[in-house]
Number of protein chains: 4
Amino acid sequence: MGEAEKKTVDLAQDRRKQILRAAVEVFAERGFHRTRVSDIARRAGVAYGLIYHYFDSKDHVLNSVFEENWGVFLKVLGDLRDSEELTAPAKLERISALLIDALQVAPSIIQVIIQEISRSDRFVHAEKVSAFTGAFDVVHDIIVAGQAAGDLSPRLDPRVAAYIFFGALETICTGAMLGTIQCKTPEEATRVKATVKEALLQGMLTDKGSEKDAT
Amino acid sequence: MGEAEKKTVDLAQDRRKQILRAAVEVFAERGFHRTRVSDIARRAGVAYGLIYHYFDSKDHVLNSVFEENWGVFLKVLGDLRDSEELTAPAKLERISALLIDALQVAPSIIQVIIQEISRSDRFVHAEKVSAFTGAFDVVHDIIVAGQAAGDLSPRLDPRVAAYIFFGALETICTGAMLGTIQCKTPEEATRVKATVKEALLQGMLTDKGSEKDAT
Amino acid sequence: MGEAEKKTVDLAQDRRKQILRAAVEVFAERGFHRTRVSDIARRAGVAYGLIYHYFDSKDHVLNSVFEENWGVFLKVLGDLRDSEELTAPAKLERISALLIDALQVAPSIIQVIIQEISRSDRFVHAEKVSAFTGAFDVVHDIIVAGQAAGDLSPRLDPRVAAYIFFGALETICTGAMLGTIQCKTPEEATRVKATVKEALLQGMLTDKGSEKDAT
Amino acid sequence: MGEAEKKTVDLAQDRRKQILRAAVEVFAERGFHRTRVSDIARRAGVAYGLIYHYFDSKDHVLNSVFEENWGVFLKVLGDLRDSEELTAPAKLERISALLIDALQVAPSIIQVIIQEISRSDRFVHAEKVSAFTGAFDVVHDIIVAGQAAGDLSPRLDPRVAAYIFFGALETICTGAMLGTIQCKTPEEATRVKATVKEALLQGMLTDKGSEKDAT
DNA sequence: AATGAATGAGAGTTCATTCAT
DNA sequence: GATGAATGAACTCTCATTCAT
């Protein structure tokens, strides 16, 4: 490939990324289905026709957002699961930290993924479900391994626990996006992480509460 | 009001309920915006024009679903908060049990509320946000009170903890609706409730895990 | 079915017919693909949305034109073939007369069918091809039978002859629609029929021409 | 003009021809309006922008196909008409032979011309009509002359007869392109020509059929 | 000459909503 | 009350054409 060709390809990739970035922004603001193709175009500063140069359809744009962002996250999750250096609780803590940090770096992307992952066409678009279940499976595996190692409570249904873990994180993302959870500065993020760790790992109870609760 | 008139009103109320029930079903199946007014009508067994006799618009139908169902739940939550007989942890446990039980009785309603509460039109429709924040505030208040009473960990940011609590329950609802969490029989429900209690209140860690984690 | 319902059905059928008539007119004038759905609507004096009440799509409108007109013609052709009272030449003559008469009664319909039967999406829309081959088969059968009875020249390839027969008629239709063949009055029609009969059955040659041509 | 310049012009002409050839192929396969400019380009192995160096528009490409192919045919037809060595029937036979032979050499070109000549845009693009009427006039003139010479039946309306003649040939072309008329090998072509001659000149009737028909 | 990114008019289709019956 | 025919705004997608490189 010559220099000139390479440059052209790069430019094309840039345009693609530019459109994708714009799409993420407007999807985050208005939601996928309230977003018109022309909204994406306007935000990207291009004609709407151009979007069809780079993507097959509006749906395809969303899918690309998923693939090119969630895929990376999934990869990291997978590596984490397979790591032998960390205990299960440490892995879970790491995952929540990852997500909360991502929230600071790229809140829109997280928002879109979280929002649209559970869109009702989920029954139709298998990729999205599998995107979700992919991450779910990792957490599920970590919990099972943690129980086997004696680090996590054997009284947890690992499947339900994985849902709880994800749900907690998802809602924090939503809160962050709504601005009802402050999570912009490193300090704020640290505070959020601490609460997640406390609530999910140590439990919300104090010893006192725990005693009373001894049913 | 004469007998005849009263009967007419009752019949009208029946029709309204009939449409609302149908709406909940199809909203649950397809999501609000993928549902056509004619879908609701077909499910209800009426002509679609009739829906405009009882509701101003399609949006209005959804709002009614919220008001007439979530409102009831909110009332119960409020009463629970104000109860002086229960500790904060017991109140939280009660709330999760309420929701999980509701999931068995009226899964569609829960699904619709959960699905649409976090929809992107939330910025537009204030009722829905307030519907959500109404419930959120209750949980928040309970957590704050629990911390004050020494029953709940003072290390929790109460706002974040409330989100975590809600998120966990929300995702369980989603899992139940997707069929990936079994929650139909009383036994299954009990098991789910137990995991929620264990994970959120006691924490996922065992003592062993807890020691290792003593950072 | 009550009177009222029946009337409603009739009115609906009327609207359908009204749209179909308008469609035939504009298809004849501009061709199918140059015709916008809104053109049909304007001609029919309705909103374009209404067309989608009665037809699934623009394609469907065309298909309906085919089915509801060509189908009738095909039926007549089939009956003609099966008639035992007429010789093959008489049947062919009858067919050409049928078409030329139809041209006076409903020129637009004939034009649309002729024009669009050979549309290039013919490879896609099997109905139209079969519409054509249906008619073709009848003529083919008549020619074969005529040869067997000794009424038609055994030197004809029946398949090619059927094409010739149809092509001659088709082009006359085109000419009539272009206005280059006068075929409006009964006298003109008679004259056209006579030439068709003369050219196709007797042949264009005179005896004199025939002798010279005796290769 | 220097050698180099001339070579450039030739190359330019080659490119033009290359595009035109590609256009004919895809027009034949998909029809003019279903063909995208990019289809032509892909088939020609050039960028679609280049087509606009050689042609003003997509329409212009089609027009060029007409002019540069039909024009040649028209010239031959004109010469044939003016020939004093052949009788009218011989001329007609020659024309049909010309077309059927062309069908073997360049079926796509014939197909495109036949298909698009009778398209609905005919009212818009005068060239195409005149292309058609040019050929029509020749046949018309030949028939009139043949009648005057006593070689062709005086009972024919020469205008209608010319249409019949053309229509027969046109449909044979269509059949050949659809593959329903075998016309590839010289033997097959001969057979087709024989049927055309028999049907149009001698007539389809046998003497027996002729007697019965003596109305 | 050659490329293909960029543009935007234009077309088909959907569906919430209105309203005459 | 009840129906569904009728309307048209809104939206996605196509593709001929232009133009900077």
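Quick note on labels: first sequence line is chain A, next is B, and so on, each numbered from 1.
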Go along nucleotides 16-21 of chain F 5' to 3' and tag each nucleotide: B for a protein heavy atom under 4.0 Å from its base, S when only backbone or sugar atoms are that close, - otherwise. SBB---
Can you check the [X] [atom1] to [N] [atom2] distance for me, whole Å?
X	N	atom1	atom2	result
B/R16	F/dA2	CZ	P	14 Å
A/L50	F/dC13	CG	P	15 Å
B/L62	E/dA16	CG	C1'	15 Å
B/R42	F/dT3	CZ	C1'	15 Å
A/Y54	F/dC13	OH	C1'	18 Å
B/R34	E/dT14	CZ	P	13 Å
D/R30	F/dC15	CZ	C1'	12 Å
C/I51	F/dA6	CD1	C1'	12 Å

Indicate, with a heavy-atom threshold strictly under 4.0 Å, whether B/F55 touches base, sugar-phosphate, or nothing.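 Answer is nothing: B/F55 stays at 4.0 Å or more from every strand.
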Any D/R15 side-chain N or O less than 4.0 Å from OP1/OP2 of E/dA2: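 The answer is yes; a side-chain N or O of D/R15 sits under 4.0 Å from OP1 or OP2.
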Partner residues of [X] under the side-chain contact (heavy atoms from CB on, under 4.5 Å) criterion, sequence neighbours left out:
X	result
C/S108	C/V24, C/A28
C/Y48	C/V37, C/A41
B/S64	B/R16, B/L20, B/F55, B/H60, B/E68
B/N69	B/V65, B/I109, B/I113

Chi angles and distances behind the side-chain contact (heavy atoms from CB on, under 4.5 Å) call for B/K58, B/V61: CA-CA 5 Å; B/K58 186 184 154 188; B/V61 175; 5.5 Å; no
Quick check on the helix from E/dA2-F/dT21 to E/dT21-F/dA2: what's the angle between its two end axes, five base pairs per end, to the nearest 10°?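 The angle, to the nearest 10 degrees, is 0°.
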With A/R43, which residues qualify under side chain to side chain donor-acceptor pair (under 3.5 Å), at least two apart?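 Partners of A/R43 by the side chain to side chain donor-acceptor pair (under 3.5 Å) criterion, ordered by chain and then number, come out as A/E25, A/E29.
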Which residues pass the side chain to side chain donor-acceptor pair (under 3.5 Å) test with B/Q13, not counting sequence neighbours?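 Expected list: none.
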Side chain of A/A47: nearest nucleotide among F/dG1, E/dT7, E/dT3?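 Nearest listed nucleotide: E/dT7.
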Set of salt bridge (Lys or Arg N to Asp or Glu O under 4.0 Å) partners for B/R21, sequence neighbours left out: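 Checked B/R21 against salt bridge (Lys or Arg N to Asp or Glu O under 4.0 Å); zero matches.
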Run the salt-bridge test on A/K17 and A/D14 with the 4.0 Å N-O cut-off and return the result as yes or no.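 Not counted as a salt bridge, because no side-chain N and carboxylate O are separated by less than 4.0 Å.
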